[in-house]
Asker: 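Dropping a structure here in structure tokens format, bear with me for questions.
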Amino acid sequence: MKPPPFAYHAPVSVDEALAALAETGPHGKVLAGGQSLIPLLNMRLAAPSHLVDINRIGELDTIAARPGGVRVGALARHAAVERSAEAAAVLPLLRQALALVAHPVIRNRGTVVGSLVHADPSAEMPAVLALLGGSVRLARLGGEREVAAADFFTGPMESAIGPGELAVSAFFPVPPPRSGTAFREVARRHGDYAVAGMAALVTLDEDLRIAAARVACVSVGPAPVVIDLSDACGRRPAASVSWDAVAAAVRDGIDPDGDIHATAEYRRHLTGVLAVRALKDAARNAGTEAVDE
Amino acid sequence: MTTKLFGEPVQRREDARLVTGQGHYLDDFGPGALAAAFVRSPHAHARITDIDVSAALDVEGLVAVYTWEDLPGALAEPLPLLIPHPALTHGRTAYPLARDIVRHVGEPVVMVVAEDRYLAEDACALIEVEYEFLKPVVGVEEAVQGAHLVHEDVPGNVGAHLVQEVPSREGRSAADAIDAAPHRLEFRLDIERSASMPLEGRGVYARWDAGDGSLRVYSSTQTSTSVRMAVAAKLGLPLPKVEVIAPDVGGGFGVKIVHPWPEEILVPWAARTLGREVKWTEDRREHFVSSAHERAQVQHVRVGFDDEGRVLGLDVTILHDHGAYTPYGIIVPIITSTQLLGPYKIGAYRVEFSSIYTNTVQVTPYRGAGRPQAVFCMERTLDRVAAYLGKDRTEVRAANFIGPDEFPYDQGLIFQDGRPLVYDSGNYPESLRMLKEMVGWDSFPEMKARAAAEGRRIGIGIGCYVEGTGVGPYEGGHVQVTSDGRVHVSTGLTSQGQGHETVFAQIAATELGVPIERVSVVTGDTRRFGYAVGTFASRAAVMSGNAIALACRKVREKALRIAADALEADPRDLEITDGIVHVAGTPSASIPLATVAVLSNPLRYAFDEEAKRATQFSGTSAMDRPPVDEGEEPGLEGRDYYSPIRSTFASGMHAAIVETDPETAEITILRYAVVHDCGKLINPMIVEGQIHGGVAQGVGGALYEKMVYDEHGQLLNASFMDFLMPYATEVPRIETAHLETPSPLNPLGIKGAGEAGVIPVSAVIASAIEDAEGIPIDRMPISPSDLYTLRLRLAG
């Protein structure tokens, strides 16, 4: 459990980091919080010949909460985003989801953008970005691009980030007025990756009927699975929605695998149960969350 | 004896050191030592056809590479089979480095020594081993078919087969008693693999002193004395030239009683061969695939019983998965088959086990050591009997209890120490009464009905056990009072965090009448005490505790004799209080124990003021006797041993209330209650701590932990990400009550407590889930996914 040899780069600015990444190309790997990368290195499951450590780049340690959304810099730790009152005020879902990300000591070190780039389909933050239709900003020497969540998560542990690129920030947009969000999951132990779980977003119309509803499911596909349930909810108030039909629609929309912790059948069932619970929470929150009016 | 600390909740004296980072664990030693690392088999079953180390030779900092062919003499032989047994007809152990065939993933093949562990692992990655694949044997039921063999010369993969049969009082066999019984049931039970999984893995650090030809070995072991003998034998060294020390050990739970591990003899050998300090610290992946597991069994049960639920005949057939090797013999299935009867007297009993080889990590004792499986079997059986008869589960248990007036009670079996299984004492009806009251057993049906009205499912479960503790053959204690008044206690067995520094000091302080602050305790250091067996089987308090008490009594007697001389008093009139020997009722006629220690050792040379009193011109020595009289020894010290006629039998009963989510099938423990009887309590706080830790491990075994092997013999969850030990968030608050039924077998009246907590937990949780769900639970652990599958099966 010791990593193979690698060259270590410690840039102090984004420009230096991009230069190092340009130079090392496919052999370079970015080290941020290290909560996934370091175990992979120690178990020799990853063997990049260059590590570019961005922890000294202060300009990436940012959380910018604006009425339209929250932009999180590449060095913002989970714990900092979770504790940010400004971020929680415009986008309660961030805090709802981050409370379920691993344990406090991991959240103290791990970064939100690092979790997105790691692209684990069992992780919470990719689902949040996918649900909200957010994006990741990728910089490279001499340019940058903004990649939508739908295009960013390309497979299990695979993202659109290319050699020489650095994910410098992610943008989580605020949903329309009268929206509510929730995150529900079942993990084997407190803080584990979820057996199944989801972020849910419900938008009500002026008569408090469900105008739009969607969920982003974790642990049931190669990437977060976003399912639009607006039709299944049938433009009714939450109290009169046919929730069994909603659960069925969710179960039809996923194709989970079984593993040592759960059968595919259980995952499918559980995802339906959690979707209903999360959507009910989100509908309730739509009346109370301090979203931009 | 006024300094009474025995029985008091004294805070653990070792904790200040251990919880502030001052502990000294194996890897804290030898910061400059060379590092060893191992190339281990990636295959479950294969023949080694070639080992090419040439690429590794280019790694800068490489010091040595060893394969089996490099091993001299006894090192090249298979590792010892520690506990032979006539029924173990086909015992097999591994070579320290694989000789030609590897039989599980993780078996060591090549040893690399380099300047540090990083370089050693780099070199390991460059060594190419060619294998010819052999068919892996995985799963005990496949193995017993014998289509493919783990060891070519072990037909049917059966290492051992043992039957014990106890006829009824009327002389009926179990089969006849079952056939003649008014009611009969037959079913199958399954228990999965788990493991000790101490937070500190194994580790060895050795330094060879070429000047005087001596070897010092530090090992994270549960038995330093026996490691010492094994190392001396394997390396051909005179025993007095080998010292073995168990430093602070970060948990053992059984896996570290196995010895010598390959690394435990290879590292000292490399240190001597290279003339350098060498260290190996096991990493977590190595611990998963290269140490030991436990628990896995398949049990077939036949039971016959009467209308009251009294068991008239019980027949249990066990397939025990022993993994690839049997270095610790068949202790685990012997314990399962002999402890299965718990607190019950049943009509006739027959138990048969087959110990089966598979191409998986070897199976050796893990806390509980076969008892959790035994209790699962017996308690599931009694729950089924109760369900069949429509009776309360506690009534059926009470109907089968051994009465408080029936001790000593002979179960008619031969226990793990080779001696008759005779319970020394106990009070099972009182335990049950206390437990029912604590958990509110009789009012639970109303609670359950109220929950059901809210759409919630809750259930209550119970499990009872008897645990043979304090097995022999012996332990010893040495107690020395030095001229500064300090008391130095040593015993040969080791500590892995149990609190020995506290409880042994409590015993010594109580016996000698000295403040506990003056007592220090050393364990597991062969420089201090060379004769010992080890720390396992809940035996340390019983064995070393009594030995230390006996040694203290020798010291006390000698101190009173010397003090009586000095005070011109009768030793029978003397007492020791706060380290002062005085005439009872006359505190002024006194002499400090420190001075007694000075007087006990006639001196020629004074090295301080106190010592002057013992020199030849001080006038304290009688002229008509030699300074050290016949039959006496210099010094105020004593050594004694405790060797019991047989084991003591502790007992306990647990109950739990669980909730199951009707939709998600999540399982939550709402309450957990324990009544525990380990005889006289030395320290109730430490006993409770032991129970808490045991229950936590039991919760792991019941709801979370399993070793998932695929059909190729690959362990799929060899990391803490996928092998789920419970966090603090998964362990319920544990309510405990103590019952003290003293053991008549030893001077202190105590029984062991170390393993107790873990033993009945799977049975208890299964019982509670079954009560909540109304679905028979016959397999543990159980996950939400498993429960969901059971629900589907019942529904459809």
Asker: Heavy-atom distance under 4.5 Å to chain A: side chain of Ala125(B), backbone, both or neither?
Answerer: side chain
Asker: Which heavy atom of Glu121(B) sits nearest a heavy atom of Lys2(A), and at what distance?
Answerer: OE1-N, 2.8 Å
Asker: Side-chain contact, heavy-atom cut-off 4.5 Å: Glu265(A) with Ser785(B)?
Answerer: no
Asker: Which atoms of Glu730(B) come close to chain A, meaning under 4.5 Å heavy atom to heavy atom: side chain ones, backbone ones, both, or neither?
Answerer: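 Only the side chain of Glu730(B) comes within 4.5 Å of chain A.
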Asker: Can you measure from CZ (Arg284(B)) to CE (Met1(A)) and round to the nearest 0.5 angstrom?
Answerer: 8.0 Å
Asker: Between Leu792(B) and His269(A), is there a side-chain heavy-atom distance shorter than 4.5 Å?
Answerer: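 Not touching, per the 4.5 Å side-chain cut-off.
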Asker: Need one label for Pro3(A): side chain, backbone, both or neither, based on atoms under 4.5 Å from any heavy atom in chain B.
Answerer: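 Both backbone and side chain.
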Asker: Do the side chain of Glu663(B) and the main chain of Val273(A) share a donor and acceptor less than 3.5 angstrom apart?
Answerer: no
Asker: Shortest non-hydrogen contact from Thr664(B) to Arg277(A)?
Answerer: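 It is CG2-NH1, 3.5 Å.
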Asker: As an exercise: rank Arg267(A), Met43(A), His103(A) by heavy-atom pairs under 4.5 Å with chain B and give me the winner.
Answerer: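 Of Arg267(A), Met43(A), His103(A), His103(A) has the most heavy-atom pairs under 4.5 Å with chain B.
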Asker: Could you tell me whether Arg457(B) atom CZ has more than 12 heavy atoms of other residues or ligands within 6.0 Å of it?
Answerer: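 More than 12 within 6.0 Å, yes.
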Asker: Counting neighbours of NZ on Lys706(B) that are heavy atoms of other residues, nucleotides or ligands and sit closer than 6.0 Å, is the number greater than 12?
Answerer: yes
Asker: May I ask you to test the His261(A)-Asp722(B) pair for a side-chain heavy-atom distance under 4.5 Å?
Answerer: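 His261(A) reaches Asp722(B) side chain to side chain.
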Asker: Return the CD1 to CG distance between Ile260(A) and Asn717(B), rounded to the nearest 0.5 Å.
Answerer: 4.0 Å
Asker: For chain B, which candidate among Thr263(A), Asp259(A), Asn42(A), Val195(A) shows the most heavy-atom pairs at distances under 4.5 Å?
Answerer: Thr263(A)
Asker: Would you name the heavy atoms of Leu703(B) and Arg188(A) that are closest together and state the gap between them?
Answerer: O-NH2, 2.7 Å
Asker: Flag yes if more than 12 heavy atoms outside Tyr25(B) fall under 6.0 Å of its OH atom; otherwise flag no.
Answerer: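 Yes, OH of Tyr25(B) has more than 12 neighbouring heavy atoms, counting only those of other groups under 6.0 Å.
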Asker: Quick one: do Arg44(A) and Asp122(B) satisfy salt bridge (Lys or Arg N to Asp or Glu O under 4.0 Å)? Show the steps, please.
Answerer: CA-CA 10 Å; Arg44(A) 298 193 178 223; Asp122(B) 289 347; 2.8 Å; yes
Asker: Heavy-atom distance under 4.5 Å between the side chains of Asp192(A) and Tyr727(B), does that happen here?
Answerer: yes
